[in-house]
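First the proteins, then the strands, lettered A, B, ... as listed; each starts at 1.
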Protein chains: 2
Amino acid sequence: MSQSLALARFLPYRCNSLARKISVSLSRIYAEKYGLSIPQWRVLVTLAEYGELQASQVTELTSLDKVQVSRAVAGLSERGLLRRRSSERDSRAALLCLSDTGQTLFHRIEPEVLAWEQALLAPLEPAEQEVLFTLIDRLELRLQEMRPVGDATTGAGRSP
Amino acid sequence: MSQSLALARFLPYRCNSLARKISVSLSRIYAEKYGLSIPQWRVLVTLAEYGELQASQVTELTSLDKVQVSRAVAGLSERGLLRRRSSERDSRAALLCLSDTGQTLFHRIEPEVLAWEQALLAPLEPAEQEVLFTLIDRLELRLQEMRPVGDATTGAGRSP
DNA sequence: GGCAAAAGGTTTCCAATGCAACCATTTGCC
DNA sequence: GGCAAATGGTTGCATTGGAAACCTTTTGCC
């Protein structure tokens with residue numbers, strides 16, 4: 001007997017809904033208080049963590065596409081929160097790092113955001129938090145496995 | 001000692017990222033094969049489950065806002081997948097239910113979607129699946145608790 | 001009964017998002 | 001060395017999505 005579909009017990013729906021609610025709630029900190037969009041916020045975090053990166057690396061690390069990164073960088077740059085210089089090895093590549101202002105801003109936001117996350121996770125035991133992250137890891141891994149063989153990134157460049 | 005922020009271990013990011021990947025992957029079924037948007041798909045599922053509902057109830061059950069529901073309904077209605085009639089109790093209210101065509105379509109998609117979900121969840125033991133849903137429930141609950149007292153829905157309609 | 005406020009839905013408008021076309025540079029191959 | 005293809009990043013354009021204004025009907029109050 002096959003079970004039937006109810007949104008309340010349907011993982012794609014539940015996951016989407018949870019993610020949405022988390023975003024809306026969290027964005028009160030970095031969006032409303034500090035005027036950052038989600039992509040801008042992710043770029044900020046990533047540069048704070050890694051120092052200097054190429055735009056393409058930021059793309060990798062943030063799960064944003066290159067258009068989003070480009071626009072986020074433009075916005076942050078206008079506000080003087082990051083500097084970009086072009087690589088001497090490859091003059092197409094843009095090297096990005098936070099300015100002092102950017103670092104300062106990040107260090108002001110970071111504890112607020114971490115505190116918010118702690119508040120969210122507070123009802124879960126540390127072990128349960130571990131389980132949660134592990135489950136997410138495993139599901140993401142599984143999604144990659146499920147990707148059908150002939151995907152977009154496959155037959156790259158054969159016929160003209 | 002306060003921990004520092006890294007996206008890989010930051011729940012909002014991980015959750016968003018997972019939800020996005022799930023949506024993209026799943027939408028190959030109902031979007032590409034059957035031409036349904038996510039809101040349309042949710043409305044379809046909900047009406048299949050509950051029979052006849054008012055638009056406002058659909059809004060509740062799907063976590064969509066009323067604009068999305070309105071547009072989804074318009075689209076489904078154009079394709080003849082649902083019927084709407086106005087309530088005799090309240091002529092503003094629209095009563096929605098699937099047409100036969102809509103039911104048929106749903107019954108064709110449902111098993112595919114459930115099979116896909118099963119494939120996604122396959123690496124998790126049943127007990128782990130249970131844990132996953134429970135964790136999601138608890139986080140959603142927590143988010144509601146965290147909502148500051150004077151929220152948007154509060155002082156509704158006082159001054160002109 | 002009549003008028004102000006609220007509620008159900010739809011439409012309008014603007015910002016965010018994503019795809020595709022686009023420049024500029026670099027790589028690879030002959 | 002030179003030309004075709006590939007790569008890094010940006011810009012334009014069409015679509016999506018959400019907030020607010022809107023219309024209609026209903027409710028509540030005097």
What is the distance from [atom1] of [X] to [atom2] of [N], rounded to the nearest Å?
X     : N      : atom1 : atom2 : value
B:R89 : C:dA7  : CZ    : P     : 18 Å
A:Q54 : D:dT10 : CD    : C1'   : 15 Å
A:L64 : C:dC19 : CG    : C1'   : 16 Å
A:L53 : D:dG8  : CG    : P     : 14 Å
A:R84 : D:dG8  : CZ    : P     : 17 Å
A:R85 : D:dG8  : CZ    : C1'   : 16 Å
B:Q40 : D:dT15 : CD    : P     : 16 Å
A:Q57 : D:dT7  : CD    : P     : 16 Å

Apply side chain to side chain contact (heavy atoms under 4.5 Å, CB included) to the pair A:T62 and A:V45, showing each step before the final yes or no.
-> CA-CA 9 Å; A:T62 53; A:V45 174; over 6 Å; no

Are any of the side-chain nitrogens in A:E130 or B:R9 under 4.0 Å away from the carboxylate oxygens of its partner?
->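 So A:E130 pairs with B:R9 through a salt bridge.
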
Mind checking whether B:R71 and B:P39 have side chains closer than 4.5 Å, heavy atoms only?
->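 Heavy-atom side-chain distance check fails, nothing below 4.5 Å.
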
For A:D90, which residues count as a side chain to side chain donor-acceptor pair (under 3.5 Å) partner, sequence neighbours excluded?
->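 A:D90: side chain to side chain donor-acceptor pair (under 3.5 Å) contacts with A:R92.
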
Encode nucleotides 18-25 of chain D as B, S and - characters from 5' to 3', where the letter depends on protein heavy atoms closer than 4.0 Å: B to the base, S only to sugar-phosphate, - to neither.
-> BBB---BB

Any side-chain N or O of B:S70 less than 4.0 Å from the OP1 or OP2 oxygen of C:dG9?
->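 Checking C:dG9 against B:S70, no side-chain N or O comes under 4.0 Å of OP1 or OP2.
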
So, the side chain of B:E110 versus the backbone of A:L5: is there a donor-acceptor pair under 3.5 Å, distance only?
->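 The answer is yes, because a donor-acceptor pair under 3.5 Å joins these two groups.
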
Residue closer to the 5' end of DNA chain C, A:P39 versus B:V73 (nearest nucleotide) =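 Looking at DNA chain C, the more 5' nearest nucleotide goes with B:V73.
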
Would A:L47 and A:L76 satisfy side chain to side chain contact (heavy atoms under 4.5 Å, CB included), going step by step from the backbone distance to the final call?
-> CA-CA 12 Å; A:L47 290 178; A:L76 293 172; 5.8 Å; no

